[in-house]
Amino acid sequence: MRAVRLSQIGKPLENADVPVPEIGPNDVLIRVAAGGICHSDAHYRSGISKIDKLPLTLGHEVGGRVEQVGSDVTHLSTGDRVCIHYLVHCGSCEFCLRGLEQFCRRGQMIGKHRDGGYAEFIKVPGANAFSLPDEIPFDAGAIMMCSSATALHALNKARFKAGESIAIFGFGGLGFSAFQLARAFDCGDVYVIEINPAKLASAASMGAIVIDARSADPVDQIKEATAGRGVDVALELIGSAETMRQAILCLGPLGRAALVGLTAESMSIHPYTEVINKEAEIIGVSDHLATELATLIEFARTGKLQFPPETLRVVDLDAAQINAALDALQDSIDHVRTVIKVASDQ
Ligand SMILES: [Zn+2]
Ligand SMILES: [Zn+2]
């Protein structure tokens, strides 16, 4: 089968011809229809995130049809439409037993620790394949299992409730999903903080109150718009110490700041006036949980979470096109996601 693989850190991905994976009794083989190109893939290629075993087929955002079902897999049949949960976990360690598989001691990320979905076929444990309702296109099914799932986890970690106001720092793939999911939770006012004019315009057209961080301090702007009160929840999706600090400072009493973006920078906080006084909470968010995916899939099935065609770019299963899409991720792209169309709808 055709696959696009990483053979050397810091070098472009390459087209390869590899055997179709053989499945075990607990696995399913999926004929890939669509695969999302994610910022993490650019980090694997560049070496910012470490990969131990090369060559490797990247790609952890996958939608497709079941081609073969292992003898012990009972919830799926050949031909079923599926999307995948990218974290393969053991199911028996202390964290898996508590439903916290992102901390699994033997966890493996698809497309990082094992071959991923930049290929015609992918093998995954049956437990990682979730039924994809007909209402959800394969491309949306692929990409929602990464950025949307993490956005949902961030809202859950922040204990976001109906009627609450929220500030979303960054309107890329995560922010675009977070906005729609906040709506699905019947949120109050939504503030989107951005510097990219196209993203500001897109957030405004969807009904967000946009805060242009180029024009004035976003914290001042949010405080002014809320008559000094601040917001209930802030999501930091950019990954910079400056916006993390802003996410904490724009909170009102009992506000929760969920930090999702990754950065190695430090930030300073004045404990008394900026956290203790208002009983604010600063919450770390990492990945998402299998138990959250049913809600996500249902929001997408009912149209509360959507990826209209104009928000996506489509490329082929071809190393040159995928490398170019990964290069573009280093700049601030205007569209939400680039998707690899592997097979036309089968
Ligand atoms: Zn991803
Ligand atoms: Zn485990």
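Computed over heavy atoms, backbone and side chain alike; hydrogens, waters and symmetry mates excluded. Positions are given from 1 along the sequence. Both counts, for ligands and for their atoms, begin at 1 and track the order of listing. In this text the structure is predicted, and so the values were computed from the model without any measurement.
Counting heavy atoms from C-beta on, the side chains of Met244 and Ile282 never come closer than 4.5 Å. Side-chain contact between Leu181 and Phe299: present, with at least one pair of heavy atoms (C-beta onward) separated by less than 4.5 Å. You'll find the side chain of Asp115 stays beyond 4.5 Å of the side chain of Ile122, heavy atoms only.
Ion pairing between Glu22 and Lys123 fails under the 4.0 Å rule for side-chain N and carboxylate O.
Excluding waters, the protein N/O/S atoms found under 2.8 Å from the Zn ion (ligand 1) are Cys38 SG, His60 NE2, Glu61 OE2, Cys146 SG.
Protein N/O/S atoms nearer than 2.8 Å to the Zn ion (ligand 2) total 4.
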### Task
Run the numbers on Ser286 and Gln102 for side chain to side chain donor-acceptor pair (under 3.5 Å), then give the verdict.
CA-CA 8 Å; Ser286 180; Gln102 84 265 53; 5.8 Å; no
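Applying the ring pair (Phe, Tyr, Trp, His ring centres under 6.0 Å) rule to pairs touching residues 35-67 yields His39-His43, His60-Tyr86, sequence neighbours excluded. Among pairs with a residue in residues 262-271, those fulfilling side chain to side chain donor-acceptor pair (under 3.5 Å) read His270-Thr273, at least two apart in sequence or across chains.
Annotation for Leu54: atom CG counts as buried by contact number, over 12 foreign heavy atoms lying within 6.0 Å.
Between atom OG1 of residue Thr226 and atom CG of residue Asp189 there is a gap of 9.0 Å, rounded to the nearest 0.5 Å.
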